[in-house]
> 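Structure provided below as structure tokens; questions to follow.
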Number of protein chains: 4
Amino acid sequence: MKKIFNHGKNDKHEQIIRAAIKTFARKGFYNTRISDIAKEANVADGTIYLYFKNKDTLLVSLFEESMDRIIGMVKGRLSHISDPIEKLCAFIEMHFELIRKDKFLAEVISVELRQSNKFIKEYKNIKFKEYLNIISGIIREAQEKGRVAKHLMPGILKRIVFGALDELTLIWVLAGDSKYTIENLRRDATEALIHGIALKNNPRGGNSEDPGNDKKSKRS
Amino acid sequence: MKKIFNHGKNDKHEQIIRAAIKTFARKGFYNTRISDIAKEANVADGTIYLYFKNKDTLLVSLFEESMDRIIGMVKGRLSHISDPIEKLCAFIEMHFELIRKDKFLAEVISVELRQSNKFIKEYKNIKFKEYLNIISGIIREAQEKGRVAKHLMPGILKRIVFGALDELTLIWVLAGDSKYTIENLRRDATEALIHGIALKNNPRGGNSEDPGNDKKSKRS
Amino acid sequence: MKKIFNHGKNDKHEQIIRAAIKTFARKGFYNTRISDIAKEANVADGTIYLYFKNKDTLLVSLFEESMDRIIGMVKGRLSHISDPIEKLCAFIEMHFELIRKDKFLAEVISVELRQSNKFIKEYKNIKFKEYLNIISGIIREAQEKGRVAKHLMPGILKRIVFGALDELTLIWVLAGDSKYTIENLRRDATEALIHGIALKNNPRGGNSEDPGNDKKSKRS
Amino acid sequence: MKKIFNHGKNDKHEQIIRAAIKTFARKGFYNTRISDIAKEANVADGTIYLYFKNKDTLLVSLFEESMDRIIGMVKGRLSHISDPIEKLCAFIEMHFELIRKDKFLAEVISVELRQSNKFIKEYKNIKFKEYLNIISGIIREAQEKGRVAKHLMPGILKRIVFGALDELTLIWVLAGDSKYTIENLRRDATEALIHGIALKNNPRGGNSEDPGNDKKSKRS
DNA sequence: AATGAATGAGTATTCATTCAT
DNA sequence: GATGAATGAATACTCATTCAT
């Protein structure tokens with residue numbers, strides 16, 4: 001009965017997920033006890049097993065449900081933008097907006113995802129790939145529209161973009177200090193990724209010719 | 001006496017570090033047993049404790065010793081290059097070279113570093129910061145020489161570069177497939193980071209004006 | 001709710017204490033494994049840690065709870081006796097009665113107490129001092145009533161009495177043989193401690209003059 | 001060759017025994033590592049095994065060699081005394097003299113002997129029995145000479161005397177404070193054990209009639 | 001559904017003892 | 001004899017998971 005007013009979300013399920021995010025963020029997956037989460041969620045230890053098969057599954061569920069929300073939001077917003085470069089800027093902006101909105105979740109995803117990716121059996125992490133593929137989709141669209149060089153591989157570029165954003169996420173969530181504002185991070189990330197670190201109007205104009213040249217083709 | 005022929009390295013110490021790298025890479029820090037490492041190193045479990053205080057310390061030592069070697073090598077090579085943009089290209093190149101040379105170590109650093117950074121008490125990770133600061137050093141030099149825009153913050157750019165490289169490291173070490181070659185990764189990373197994802201000679205020339213604009217200043 | 005029918009005692013707590021007493025008595029504290037106690041108590045190893053912080057604490061709890069009961073009983077019974085020498089006799093009698101009633105506990109207290117006293121951190125052993133102070137209380141009362149020489153120090157006498165009883169406890173609990181009955185021990189302990197080893201009606205009357213003389217005042 | 005000048009004692013053997021006494025006294029047998037003793041003795045860990053079969057044996061050897069010396073000394077001195085009560089006084093005096101001379105050894109014997117007695121396999125502790133039998137020998141002699149009541153059992157009295165002295169040893173070696181001097185302890189121990197705690201010249205003369213009476217024969 | 005007491009498999013670490021040098 | 005590096009058996013304690021209530 002009460003489910004009717006539950007908007008499709010089970011109260012306890014949500015409670016536990018929130019408690020897990022907070023606790024994993026604070027102590028890390030391996031240093032978090034099920035009882036820590038239960039205490040944070042104000043439920044009994046055993047109750048967690050009514051909603052999640054085990055500790056691994058809890059992390060996976062937490063991650064997938066969060067990514068679902070995020071992906072939906074991001075795709076929705078991008079659908080209103082037509083210019084692919086603008087889309088990329090918007091993606092970056094949303095990434096930092098999400099971090100600001102849910103610091104704990106950002107921390108868990110950024111810090112715990114790699115481990116779980118590798119060591120939780122059977123976990124293929126489709127959602128994360130879907131998130132990355134939003135980026136490569138934008139890149140491909142940009143390449144078709146002549147806005148991104150065709151020889152750059154979207155599968156690599158999406159990782160470059162995500163890697164950069166993820167690393168900036170880390171300094172934001174881990175640093176106690178406020179050395180950089182979210183806005184600083186967003187602005188530099190956008191500019192550096194879109195336009196590159198090097199100034200284009202290089203008087204010598206040289207470095208655009210073969211930026212990827214190896215040492216055998218050193219320029220004079 | 002026998003130390004004379006030891007090239008300044010303790011045999012068992014090295015043996016254990018190598019075994020730890022291999023095992024942490026394969027199973028992850030938390031899923032690796034001391035006995036796994038001992039077996040891989042062909043020593044008794046107890047022997048590990050003659051060389052390392054505990055499991056945490058083993059990871060930290062492994063990391064610091066490796067970074068020492070890497071930092072020394074990278075700094076040495078960069079000292080022969082004067083152009084800062086070339087230095088950055090060389091840095092990227094060396095990063096991938098190192099990954100190719102020691103895949104296991106690359107994996108451990110890429111996957112385990114974040115966790116250990118946060119959850120191993122007392123670990124401040126000076127070496128990692130030193131590695132990152134090689135990048136920001138190059139950036140600053142480039143800014144002084146007018147090769148990088150002065151409003152970009154070196155502390156952020158270094159993270160963008162490292163984040164991108166680190167993410168590419170992951171796909172190389174984790175992917176069983178050979179979808180991308182190290183050369184692919186290096187070339188795209190160099191080009192994207194140095195010159196940006198977007199084509200500069202954009203006929204409309206538009207998006208370079210304010211790539212970092214926030215949503216309040218949306219262009220029509 | 002179920003606690004109401006528990007007579008104020010937790011079942012498992014009691015089970016474990018009893019098992020620990022039995023096992024410590026049989027094998028000694030340092031040679032007893034937690035799993036030995038768990039097996040004797042018919043609980044899982046981990047269950048012991050639900051009731052006791054660790055092995056040391058288990059010994060301390062065992063000791064303190066037992067001493068509480070004993071001290072209560074002894075004080076209760078002594079309160080009905082007015083003559084201090086009779087009190088001392090009653091104390092001695094109760095000591096042996098307790099030993100007979102719980103041989104295992106007597107053994108643990110007699111054999112393990114010294115070690116734990118010294119080597120278990122933070123353990124000040126208030127209860128044991130309280131037990132000893134019952135004796136010194138009786139002595140002081142006797143001194144006030146002129147029944148015990150005032151120059152004897154109660155703090156020393158209490159140790160002499162306890163030491164003698166404790167040593168007799170040992171031969172009773174450790175000796176497999178029944179060379180001496182509890183009644184033998186009680187009778188001789190009472191007589192020797194109250195009246196002394198030497199016969200008083202010594203015809204020569206000599207040795208009572210200065211029993212505590214040092215070697216410098218040797219009699220011819 | 002050097003053994004000739006060694007007076008039958010091996011240097012290292014003595015060094016190790018001394019180190020063991022000191023270390024066992026400080027940390028207890030079970031909390032002492034062989035390496036602690038080796039360090040204290042300025043020898044290598046392995047060297048200890050050239051002189052003693054194992055850790056248990058070291059404790060036993062330490063104890064037996066010490067007791068041999070003590071028994072020899074005590075017997076020698078007692079042989080010059082004819083009066084048995086004087087002998088007992090002398091025994092008590094020597095006991096405290098020994099404690100003063102070697103506090104560490106006193107502590108080890110007093111604290112560790114009970115445990116080892118019970119838990120070191122095959123150890124029958126002949127020497128300790130011999131020491132106790134010096135006391136019962138004196139008692140028997142005194143009984144023959146009419147100085148000690150014949151109904152008191154020498155096997156029990158020897159334990160009463162030893163137990164009292166041992167307990168006083170404990171307070172002397174364990175107490176950091178100097179609440180009681182050795183002389184206090186000796187004097188009170190001698191007087192209490194020889195003449196009893198209760199004053200003999202009780203005006204009412206009552207309590208000497210049946211000090212060992214049980215509660216069934218309570219006097220009015 | 002919810003609880004939380006009970007379980008017991010799992011493991012880092014210690015340290016007595018050995019033995020090649 | 002002397003060494004001390006190496007060994008590996010031994011164990012207290014933790015914590016994910018279960019299940020009777």
Side-chain angles (χ1 to χ4, degrees), chain A residues 2-3 10-13 16 30-39 41-58, chain B residues 1-2 10-13 15-16 30-39 41-58, chain C residues 1-2 10-13 16 30-39 41-58, chain D residues 2-3 10-13 30-39 41-58:
Chain A
K2 66 177 188 288
K3 292 278 180 180
N10 184 302
D11 250 358
K12 287 265 166 66
H13 181 103
I16 293 166
Y30 285 101
N31 294 305
T32 292
R33 313 291 140 233
I34 286 291
S35 59
D36 294 334
I37 300 171
K39 192 172 292 178
N42 286 313
V43 297
D45 292 19
T47 304
I48 290 175
Y49 289 86
L50 298 176
Y51 294 89
F52 303 93
K53 188 172 160 250
N54 55 33
K55 196 184 166 191
D56 286 0
T57 302
L58 174 52
Chain B
M1 184 94 81
K2 65 178 187 286
N10 185 302
D11 243 2
K12 288 265 165 64
H13 183 103
Q15 244 171 250
I16 293 165
Y30 285 100
N31 294 303
T32 292
R33 312 289 136 235
I34 285 291
S35 60
D36 295 335
I37 299 171
K39 193 172 292 179
N42 285 314
V43 297
D45 291 20
T47 303
I48 290 175
Y49 291 87
L50 296 178
Y51 294 89
F52 303 94
K53 188 170 162 258
N54 54 35
K55 197 183 166 192
D56 285 1
T57 302
L58 175 51
Chain C
M1 183 94 81
K2 66 177 187 286
N10 186 303
D11 240 3
K12 287 266 165 64
H13 182 102
I16 293 166
Y30 285 100
N31 293 304
T32 292
R33 312 290 136 234
I34 285 291
S35 60
D36 295 335
I37 299 171
K39 193 172 291 177
N42 285 314
V43 298
D45 290 20
T47 304
I48 290 175
Y49 291 88
L50 296 177
Y51 293 90
F52 303 93
K53 189 169 162 259
N54 56 34
K55 197 184 165 191
D56 285 2
T57 301
L58 175 51
Chain D
K2 66 175 187 287
K3 292 276 180 181
N10 184 301
D11 250 357
K12 288 263 167 66
H13 182 103
Y30 285 100
N31 295 305
T32 292
R33 313 292 140 233
I34 284 291
S35 59
D36 294 335
I37 299 171
K39 191 172 293 178
N42 286 314
V43 299
D45 292 19
T47 304
I48 289 175
Y49 289 86
L50 297 176
Y51 294 89
F52 302 93
K53 189 171 161 248
N54 54 33
K55 196 184 167 191
D56 286 1
T57 301
L58 175 53

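Residue numbers begin at 1 in each chain, while the letters A, B, ... track the order of the sequences. None of these values were measured; they are calculated from a predicted model.
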> State the OH-NZ distance between B/Tyr30 and B/Lys55, to the nearest 0.5 angstrom.
8.0 Å
> Provide the closest heavy-atom pair for C/Lys53 versus C/Thr57 in the form atom of the first, atom of the second, distance.
CB-OG1, 3.8 Å
> May I have the distance from A/Asn31 (atom CG) to F/dA16 (atom C1'), rounded to whole angstrom?
15 Å
> Considering non-hydrogen atoms only, spot the tightest contact between B/Asp45 and B/Ile34 and give its length.
O-CG2, 4.3 Å
> Rounded off to whole Å, could you give me the CD-to-C1' distance for the B/Gln15 and F/dA6 pair?
12 Å
> Locate the shortest heavy-atom distance separating B/Asn54 from B/Tyr49; write the atom from each residue and the value.
CA-CE2, 3.9 Å
> Does a side-chain N or O from C/Tyr51 land closer than 4.0 Å to OP1 or OP2 of E/dA5, or not?
no
> Using atom CD1 of B/Ile48 as one end and atom C1' of E/dT11 as the other, report the distance to the nearest whole Å.
13 Å
> Do the non-hydrogen side-chain atoms of B/Val43 and B/Leu50 ever get within less than 4.5 Å of each other?
no
> Measure from CG on B/Asp36 to P on E/dG10 and round the result to the nearest Å.
13 Å
> Starting at CG of B/Asn42 and ending at C1' of F/dG8, how long is that distance when rounded to a whole Å?
15 Å
> Base contacts versus sugar-phosphate-only contacts with protein, heavy atoms under 4.0 Å: please encode nucleotides 14-21 of chain E as B, S and - from 5' to 3'.
BSSBB---
> Let me check I have this right: for DNA chain F, each base becomes ., (, ), [, ] or |, based on Watson-Crick or G-U pairs with both distances under 3.5 Å. What is the full string?
.||||||||||||||||||||
> Looking at every heavy atom in both A/Ile16 and A/Tyr51, which two are closest together, and how far apart are they?
CD1-CD1, 3.9 Å
> Rounded to whole Å, please give me the gap between NZ in B/Lys39 and P in E/dA12.
13 Å
> Nearest whole angstrom, please: distance from the P of F/dC13 to the CG of C/Leu50.
14 Å
> Is the shortest side-chain N/O distance from B/Lys12 to OP1 or OP2 of F/dA6 below 4.0 Å?
yes
> How long is the gap from NZ on B/Lys12 to CG on B/Asn42, to the nearest 0.5 Å?
10.0 Å
> Tell me: CZ of B/Phe52 to P of F/dA6, nearest whole Å?
12 Å
